[in-house]
Amino acid sequence: QVQLVDTGGGLVQAGDSLTLSCAASRLTFSDYTMGWFRQAPGKEREFVAVITGNGRSTNYRYSVKGRFTISRDNAKNTVYLQMNSLKSEDTAIYYCAGGRTEWPTGSLSAYEYWGQGTQVTVSS
């Protein structure tokens, strides 16, 4: 079955950078819009960033614009989230997700496949 494996999380200090990766298997990767979401303790899962299958369109949560960059390498079936200038409020479990939608949507319901999540902890 389709598998998404999130890696790259860790414990960093405020202002540091971190890059998350999500490797996909058993799907035609370029057919899928890929998103990153996060969930902090006691909070709902929320949209962070999204990139369409051809990589031409992206969208970001307002609070991460200018700090986070989503990218993908369709030859490697991998999507990345480069996170710079990390803040304590970025602390959460980060999940990648894939959906067969043409639009760079932040709606959770548009995504049918999810990674297991990777913990990002930013200390202030």
Side-chain angles (χ1 to χ4, degrees):
Q1 67 275 20
V2 172
Q3 190 173 26
L4 301 181
V5 179
D6 309 321
T7 58
L11 172 62
V12 297
Q13 294 192 338
D16 285 351
S17 298
L18 205 57
T19 299
L20 307 183
S21 299
C22 171
S25 58
R26 303 187 186 92
L27 77 170
T28 304
F29 189 65
S30 59
D31 286 351
Y32 284 78
T33 287
M34 299 299 294
W36 284 98
F37 296 79
R38 66 188 182 188
Q39 188 166 17
K43 295 190 176 181
E44 301 277 324
R45 190 170 298 189
E46 64 184 21
F47 163 73
V48 176
V50 59
I51 186 167
T52 52
N54 58 16
R56 292 175 185 165
S57 295
T58 59
N59 196 12
Y60 295 90
R61 181 177 196 80
Y62 180 79
S63 62
V64 308
K65 279 185 179 180
R67 299 190 297 123
F68 290 12
T69 302
I70 189 170
S71 62
R72 65 190 295 156
D73 185 338
N74 285 350
K76 295 183 178 180
N77 283 12
T78 301
V79 62
Y80 305 95
L81 185 67
Q82 171 69 43
M83 305 185 293
N84 297 328
S85 303
L86 282 161
K87 304 176 181 180
S88 57
E89 51 262 44
D90 295 319
T91 294
I93 300 174
Y94 283 70
Y95 300 89
C96 73
R100 291 186 64 108
T101 172
E102 295 181 4
W103 307 107
T105 177
S107 173
L108 274 72
S109 62
Y111 296 86
E112 54 196 288
Y113 299 113
W114 292 82
Q116 83 287 357
T118 185
Q119 176 73 49
V120 173
T121 303
V122 184
S123 64
S124 56

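Numbers here are sequence positions counted from 1.
For the residue pair Q82/T19, the side-chain donor-acceptor check at 3.5 Å is satisfied.
Between C22 and D6, the shortest heavy-atom distance links the atoms SG-OD1, 3.7 Å. Here the closest non-hydrogen pair linking T118 and G9 is OG1-N, 3.0 Å. Across all non-hydrogen atoms, the minimal contact from S17 to S85 is OG-N, 4.3 Å.
Put simply, the side chain of V79 reaches to within 4.5 Å of the side chain of F29, judged on heavy atoms. Here the side chains of L18 and D16 are not in contact, with every heavy-atom distance at 4.5 Å or above. Residues M83 and R67 are not in side-chain contact: their nearest non-hydrogen atoms beyond the backbone lie 4.5 Å or more apart. Within the 4.5 Å cutoff, the side chain of E102 has no heavy atoms near those of the T52 side chain. Side-chain contact between Q1 and Y113 is absent, with no heavy atoms from C-beta onward closer than 4.5 Å.
With hydrogens and angles ignored, the 3.5 Å screen pairs no side-chain donor or acceptor of Q39 with any backbone N or O of A92. Remark: side-chain polar atoms of R61 are not paired, donor with acceptor, to backbone N or O of E46 under 3.5 angstrom. For N74 (side chain) and N54 (main-chain N/O), no donor-acceptor pair under 3.5 Å exists by modelled atom type. Counting only distance, with no hydrogens or angles, the side chain of T91 and the backbone of V122 share a donor-acceptor pair below 3.5 Å.
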Evaluate the criterion side-chain contact (heavy atoms from CB on, under 4.5 Å) for residue pair E112 and V2; output intermediate values, then yes/no.
CA-CA 10 Å; E112 54 196 288; V2 172; over 6 Å; no
Please walk me through it: do F47 and T105 pass side-chain contact (heavy atoms from CB on, under 4.5 Å)?
CA-CA 9 Å; F47 163 73; T105 177; over 6 Å; no
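In this structure, the separation between OG on S123 and CG on L86 is 10.5 Å, given to the nearest 0.5 Å. Atom CZ of R26 and atom CG of N77 lie 11.5 Å apart (nearest 0.5 Å). We find the CZ-OG1 distance between R100 and T28 to be 7.0 Å, quoted to the nearest 0.5 Å. Of the inter-residue distances, the one linking I93 atom CD1 with R38 atom CZ reads 13.0 Å to the nearest 0.5 angstrom.
No cation-pi contact links R72 to Y80, judged by a cut-off of 6.0 Å to the six-membered ring centre and 45° from its axis.
Taken together through direct or relayed side-chain contacts under 4.5 Å among Ile, Leu, Val, Met, Phe, Trp and Tyr, M34 and F37 form parts of separate hydrophobic clusters.
The side chain to side chain contact (heavy atoms under 4.5 Å, CB included) with Y95 is formed by just one residue from the set Y111, W36, W114; it is W114. Among the candidates I51, I70, V64, the single residue satisfying the side chain to side chain contact (heavy atoms under 4.5 Å, CB included) test with L81 is I70.
A 6.0 Å sphere centred on CD of Q13 holds no more than 12 heavy atoms belonging to other residues, nucleotides or ligands. Within a 6.0 Å sphere centred on CD of Q119, other residues, nucleotides and ligands contribute more than 12 heavy atoms.
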